[in-house]
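Reviewing the structure listed below.
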Amino acid sequence: MTDYLAHLNAEQREAVETVDGPLLVLAGAGTGKTRVLTTRFAHILLTGRAYPTQVLAVTFTNKAAREMRERVSTIINRPAQGLWLGTFHALSARMLRRHTEMVGLKSNFTILDPDDQLRLLKQVMESERVDTKRWVPPTMMAVIQRWKDRGLTPSRVTPAEDTDFAAGRARELYGAFQARLRSLNAADFGDLLLYMTELMREQPDVLTQYHRMFRYILVDEYQDTNLVQYHWLRLLAQAQKNICCVGDDDQSIYSWRGAEVENILRFEHDFPGAKIIRLEENYRSTAPILAAASGLIAHNDGRLGKTLRPGRQDASGECVTVVALWDSDEEAHMVGNRVERLCRDGEPLREIAILVRAGFQTRAFEERLINLGIPYRVIGGLRFYERQEIRDAIAYMRLVVQSADDLAFERIVNVPRRGVGDAALRAMHETTRADGIPLMEAAAKLVANASLKGRTREQLDALLRGFARWHAQLETDGHVLTVATLLDESGYTDMWQRDKSPEAPGRLENLKELVRALADFETLSGFLEHVSLVMENDEMAEGDRVSLMTLHAAKGLEFDTVFLPGWEEGLFPNQRALDEGGVKSLEEERRLAYVGLTRARQRAIVSHAANRRIYANWQTSIPSRFIDELPDDIDRTGSAAMARDTRTLAPATFSDQFPLVARRTRAIAAWGQPARLARVDAIPIGTRVFHEKFGYGTVKAAEEGRLDVAFDKAGDKRVLDRFVEKA
DNA sequence: AGTGGGACGCTTTTT
DNA sequence: GCGTCCCACT
């Protein structure tokens, strides 16, 4: 029978077959948690316990949701359609659309992205006469978000919860912000969960409706849930109690954005008699990597206690390596060289990852990889839907669907330039306030009564007529053609065509891609909903490239080879985290290190540098305490060599001797790179060169490894000589 | 209305 | 060291 159960181990199988009643699966890294979840889902369907629409499956990311959908449909051998499978936010939005009037919204409400959200809050703060210099909107936003994470509506925030932010007016501002969101018929991400949870709490019949709907609930990455998500789940599960949560307390790395590991402990309390199954057999990494990871995480207190056992047949393998370097440049060299060697030995680049603590660290490696001609991708940079041109285009679309979208109007009213400046905008806002009409109508009024003059008036008039036209066209020609027309007629594509900057062609290409993506949706509103909920990160796709990303972004991924640079006190564990959260944060940093190590299948290379350039100046640091915490069977040959080197060459205290450090750095760099120095002289003035970022240009001056180049497209720039090649 | 220069500040981030 | 933001200049 049931051959989908055949390739599970005993624990996994138990987790799949324990279908009724509350179940908590504590799944260590690489122990097959996704397999358990998907097989369990399929098992519920195949044994006829529920129809596909009666299972609620929740993930944190769209990617995880997509993977789960694919794997479930593979097992049940048909397309998995009509499932309630998605992220907390997507599922909540879908539910909320059915009850909008109960929370004071219309069914076509807009979901704001973080950018609009912040702009709106800033406006609210300004109109409430808060000094936004002294009290910066992002901080206020964070306060509000933490409240929303905890399921606190403005009326539920008690005076005791108020912070001293904005002179004790934070609650009041939160209330004003929520009111403003409602008046714009908009919700932010936090609201999707907050409103839905509030509804289920306050409206028993709504809750009952969902109790009848969902027989089984599955939750992925349970350690990442925040309080409002926890309440959301508990409300939905309290009737049938068939809830299965899968998580790993050792991989909880998102407490700073409201996740509460305590939810795992609370689970047993709230669902008495809950069964707990531990998955400890790791099929991903070699024994030495597991030993290193386990040894490290053992330094954390208050764990639920899991020990990873090697489950692989070929579990013996290379030691985890620790390499000590003089400075960050040397570290980048070391990583680059090793990547090159691995590549020569036939390791695919897609199986190599460089995982850093903070985004700014990627740059050094990027430069090195460019220099070596090794293809790479940075994961988690700007996402497609966060790009300026895409956001502008989306603002236009939002206005075609809903002309009352003031935030969208503000964004594009002067993009491209239409002579609408501060004065004109202020006039519109006044009319908006006085007449209680949206900005677009206010603009129409000011055009009609000739309050606006000259070219501004003409161009604005053209824009408004445009919107009327496109709105009508949507009915007749469909959304794809309408958007294409809109982008042309509004002058938007033209704006980029006339733009001479090197990014412009890429932006036009992105716009084309956007129009292409539209075709995958039946309606424009459907597309817009998708866009706001699925800020897709498609850099993961295609190409044999080295991956560069933060440790946070690496969770859930795995690679043969993992480089873990920058293990220094202050950087990792991060000083700011330590300052803010003390021991709790230290433990979270340690879990981050654990996540990093457990991404590796075959080999992990940890490194640290004695000197690092952070922003403008050099900083000296000592190796991370996490290195000391690794168990003994680690290859530290690099460290020993470095210790000797440091003793003989470094000054007793080099923190305040920048010149000396700098000289030494150059010496090492030169020693490691003789070919590079030779090339400095090989680029005379007048040479045609090519630069990865700026394209072709002519050298105008050269000194000390730097070139002044007049680029054809990017203009005059000063660049490092090693980033150009002769054209 | 649009631009250019100086001040600032800088961990992680999904939806 | 670099990008962002705001203000002052044109």
Side-chain angles (χ1 to χ4, degrees), chain A residues 58-65 86-93 111-114 117-118 122 132-133 136-138 141-142 145 148-149 187-194 220-221 224-226 228-229 252-259 355-364 367 379-383 385-386 388 414-426 452-456 459 529-537 549-556 566 570-581 585 588-589 591-593 595-596 613-618 718 720:
Chain A
V58 198
T59 63
F60 268 85
T61 64
N62 291 296
K63 188 168 161 252
T87 63
F88 276 102
H89 298 271
L91 293 168
S92 231
I111 300 167
L112 290 193
D113 62 46
Q117 198 187 359
L118 192 62
K122 189 163 177 239
T132 51
K133 289 261 169 55
V136 294
M141 197 71 251
Q145 263 164 350
K148 289 186 178 179
D149 286 342
D188 66 17
F189 286 122
D191 289 338
L192 298 174
L193 286 148
L194 188 66
D220 193 13
E221 304 279 19
D224 288 338
T225 50
N226 59 34
V228 73
Q229 288 160 338
S252 157
I253 54 175
Y254 283 115
S255 74
W256 50 273
R257 65 177 201 213
L355 309 182
V356 296
R357 173 65 242 262
F360 72 83
Q361 290 173 263
T362 58
R363 182 184 267 132
E367 291 181 355
I379 292 168
L382 253 199
R383 279 172 283 275
Y385 291 110
E386 281 172 11
Q388 188 192 338
N414 203 32
V415 181
R417 300 257 131 91
R418 296 188 181 92
V420 179
D422 260 359
L425 206 57
R426 216 173 310 128
L452 293 167
K453 310 228 152 46
R455 271 189 67 67
T456 303
Q459 297 190 79
E529 164 117 1
H530 171 83
V531 171
S532 43
L533 287 170
V534 186
M535 283 286 201
E536 196 77 80
N537 189 347
M549 70 190 97
T550 64
L551 287 158
H552 283 92
K555 198 171 77 159
L571 221 201
F572 189 41
N574 183 275
Q575 192 56 49
R576 219 164 123 167
L578 261 36
D579 292 346
E580 279 167 23
S585 294
E588 182 149 316
E589 296 283 301
R591 290 194 290 270
L592 207 44
V595 166
R613 216 166 63 182
I614 291 181
Y615 308 119
N617 36 10
W618 286 92
R718 172 162 291 191
L720 284 177

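The chains referred to below are lettered A, B, ... by the order of the sequence lines, with proteins before strands, and numbering in each begins at 1.
Using bins of under 30°, 30° to 60° and over 60° for the plane-to-plane angle, the ring pair A/Y254/A/H552 lands in the tilted bin.
Distance, A/D220 CG to B/dT14 C1': 14 Å, rounded to whole Å. As rounded to whole Å, 12 Å separates atom P of B/dT14 from atom NZ of A/K555. Separating the CG atom of A/L194 from the C1' atom of B/dT15 is a distance of 15 Å, rounded to the nearest angstrom. If you take CD of A/E367 and P of C/dG1, they are 12 Å apart, rounded to a whole angstrom. Nucleotide B/dT14 holds its P atom 16 Å from the CG atom of A/D188, rounded to whole Å. For A/Q388 and C/dG3, the CD to C1' distance is 14 Å, given to the nearest whole Å. One atom, CG of A/D224, and another, P of B/dT12, lie 17 Å apart when rounded to the nearest Å. In this structure, NZ of A/K63 is placed 14 Å from P of B/dT13, rounded to the nearest angstrom.
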Show the distances under 3.5 angstrom between N or O atoms of the protein and N or O atoms of nucleotides 6-10 of chain C.
| unit_1 | atom_1 | unit_2 | atom_2 | d |
| --- | --- | --- | --- | --- |
| C/dC6 | OP1 | A/K122 | NZ | 3.3 |
| C/dC7 | OP1 | A/K133 | NZ | 3.2 |

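If you check every strand for non-hydrogen atoms under 4.0 Å, A/A358 touches sugar and phosphate atoms only. Using a 4.0 Å heavy-atom criterion, one finds that A/A423 contacts the sugar-phosphate atoms exclusively. Within 4.0 Å of A/G359, counting heavy atoms only, lie sugar-phosphate atoms of the nucleic acid but no base atom.
When all heavy atoms of A/L91 and A/G86 are compared, the pair lying nearest together is CD1-O, 3.5 Å. Here the closest non-hydrogen pair linking A/L533 and A/N62 is O-ND2, 3.3 Å. In terms of heavy atoms, A/P573 sits closest to A/E589 at CA-OE1, 3.3 Å. Of all non-hydrogen atoms in A/L112 and A/F189, the two that sit nearest each other are O-CE1, 4.1 Å. Nearest heavy atom pair, residue A/Q229 against residue A/D224, reads OE1-O, 3.9 Å.
Distance check: A/L551 CG to A/R357 CZ gives 7.5 Å after rounding to the nearest 0.5 Å.
The side chain of A/N62 lies closest to B/dT15, out of B/dT13, C/dC2, B/dT15. Closest contact between the side chain of A/R363 and the listed nucleotides C/dC2, B/dT15, B/dT13 involves C/dC2.
Checked for salt-bridge contact, A/D149 and A/R257 miss the test: no charged N lies under 4.0 Å from a carboxylate O.
For the pair A/F360 and B/dC10, the ring geometry does not qualify as stacking, because the centroid separation below 5.5 Å and plane angle under 30° are not jointly satisfied.
At B/dT15, none of the side-chain N or O atoms of A/S532 fall inside 4.0 Å of OP1 or OP2 (strictly under the cut-off).
Map A/E589 and A/F60 each onto its nearest nucleotide of DNA chain B; the residue landing nearer the 5' end is A/E589. Comparing A/T456 and A/E588 by the nucleotide of DNA chain B whose heavy atom lies nearest to each, the residue mapping closer to the 5' end is A/T456.
Between A/F572 and A/L592 there is a side-chain heavy-atom pair separated by less than 4.5 Å.
No donor-acceptor pair closer than 3.5 Å links the side chain of A/T59 to the backbone N or O of A/D220.
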* To do: Do nucleotides 2-9 of chain B as a string where each nucleotide becomes B, S or -: B if the base has a protein heavy atom under 4.0 Å, S if just the sugar-phosphate does, - if no protein is that close.
  => SS------
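Judged by distance alone with a 3.5 Å cut-off, a donor-acceptor contact links the side chain of A/R357 to the base of B/dT12.
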